[in-house]
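In this text, all values refer to a predicted model and were calculated from it rather than measured experimentally. Here is how names work: the chains are called A, B, and so on, in the same order as the sequence lines, proteins then strands, and each is numbered from 1.
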Number of protein chains: 2
Amino acid sequence: MAPDQLSTTFAALADPTRRAILARLASGEVSVTDLAKPFDMTLPAVSKHLKVLENARLISRRRDGQWRPARLEAHRLREATKWMERYRIFWEQSLDRLDQHLRELQREDKKHGRGK
Amino acid sequence: MAPDQLSTTFAALADPTRRAILARLASGEVSVTDLAKPFDMTLPAVSKHLKVLENARLISRRRDGQWRPARLEAHRLREATKWMERYRIFWEQSLDRLDQHLRELQREDKKHGRGK
DNA sequence: GATGTATTAAACCAGTCAGTTATTTAACCA
DNA sequence: TGGTTAAATAACTGACTGGTTTAATACATC
């Protein structure tokens with residue numbers, strides 16, 4: 001069954017090698033061999049990761065002679081971020097709680113003469 | 001091998017059932033049976049999804065009598081969003097390009113008398 | 001056209017995943 | 001105590017993953 005777009009995006013991101021590839025592509029197009037260099041794995045393995053990223057529309061490929069450089073495509077990342085944004089209120093809430101908790105601790109400290 | 005935190009987060013999000021569970025939990029704590037109701041799958045399956053979400057620290061559980069309600073925990077979502085943020089410039093760039101492209105199309109249309 | 005280089009494809013393997021059914025644990029009720 | 005309800009665990013399955021090695025394809029260069 002063809003998984004939905006968001007699932008495909010998140011699944012593609014759920015691998016450190018693929019995230020490193022995306023990070024590398026942030027500074028421009030790179031060939032497969034160059035992409036593979038930092039990794040302790042064979043070229044076909046990297047090629048497969050690229051295929052996963054391409055299927056997820058997180059990168060695109062073109063041909064340049066014998067090279068097939070990959071390029072970052074960011075709109076699916078934008079969609080994924082948009083999905084997460086709806087939860088922003090929750091983590092901001094908990095940050096508030098953390099902040100409040102720290103303030104309370106400080107107040108406690110003052111009360112017990114441990115303030116600076 | 002224990003995968004890194006970001007990989008665990010993204011892997012947990014790469015399933016529509018789990019994302020739906022998180023969405024449901026956005027409106028507060030829910031028991032397993034209630035969580036399971038909208039889904040066409042057995043209770044153990046939902047229980048497993050909850051375990052995945054719990055391992056990813058995207059939810060927490062507590063005991064309330066015979067119930068074990070789940071609660072949304074958002075800070076890992078915040079971390080994941082922070083990771084994606086670095087790519088924001090790329091999708092904003094491409095939106096600019098899209099915008100520019102649309103303007104060019106409009107100009108073309110006017111030139112050929114297809115304007116409104 | 002032969003040879004070298006960049007990349008992909010094919011076949012295979014071990015491990016993980018998402019689901020199932022059947023069983024077990026835990027708490028409530030009477 | 002026994003019966004019911006809520007949930008987790010165990011054991012199993014088929015499909016998918018991330019890697020390998022070997023073989024094929026595509027282009028470049030001589």
The criterion is side chain to side chain donor-acceptor pair (under 3.5 Å); which residues satisfy it with Thr33(A), sequence neighbours excluded? none

With a 4.5 Å cut-off on side-chain heavy-atom distances among I, L, V, M, F, W and Y, is there a chain of contacts connecting Tyr87(A) to Val52(B)? no

If you count the non-hydrogen atoms of other residues, nucleotides and ligands that lie under 6.0 Å from CZ in Arg57(B), is the total more than 12? no

Just verifying a value: how many Å separate Leu13(B) CG and Leu53(B) CG, rounded to the nearest 0.5 Å? 8.0 Å

How bent is the helix from dG1(C)-dC30(D) to dA30(C)-dT1(D), measuring the angle between the end axes built from five pairs each, rounded to 10°? 10°

Is there a side-chain polar atom (N or O) of Arg61(A) under 4.0 Å from OP1 or OP2 of dT7(C)? no

For Glu85(B), which residues count as a salt bridge (charged side-chain N to carboxylate O under 4.0 Å, His left out) partner, sequence neighbours excluded? Arg88(B)

Phe39(B) CZ - dA7(D) P separation (whole Å): 15 Å

Distance in angstrom units between Arg68(B) CZ and dT25(C) C1', rounded: 12 Å

Between CG of Asp34(B) and C1' of dT5(D) the distance, given in whole Å, is 13 Å

Same cluster for Leu58(A) and Trp83(B) if Ile/Leu/Val/Met/Phe/Trp/Tyr side chains link at under 4.5 Å? yes

Can you sort out the partners of Asn55(B) under side chain to side chain donor-acceptor pair (under 3.5 Å), two or more places apart, ordered by chain and number? none

Could you run through nucleotides 17-30 of chain D and give me one letter per nucleotide, 5' to 3': B if any protein heavy atom sits under 4.0 Å from the base, S if only the sugar-phosphate is that close, - if neither? -SBBBB---SBS--

Just to confirm, is there a sub-4.0 Å distance from OP1 or OP2 of dA7(D) to any side-chain nitrogen or oxygen of Lys51(B)? no

Write down the distance between CG (Asn55(A)) and P (dA9(C)), rounded to a whole number of angstrom. 11 Å

So, using salt bridge (charged side-chain N to carboxylate O under 4.0 Å, His left out) as the criterion, who are the partners of Lys37(B) when residues are at least two apart? Asp34(B)

Is any side-chain N or O of Ser47(A) closer than 4.0 Å to OP1 or OP2 of dT8(C)? yes

Interatomic distance where CG belongs to Leu50(A) and C1' belongs to dA9(C) [whole Å]: 15 Å

What's the CZ-C1' distance between Arg62(A) and dT8(C), to the nearest Å? 18 Å

Within a radius of less than 6.0 Å around CG of Asp40(A), do more than 12 heavy atoms belonging to other residues, nucleotides or ligands occur? no

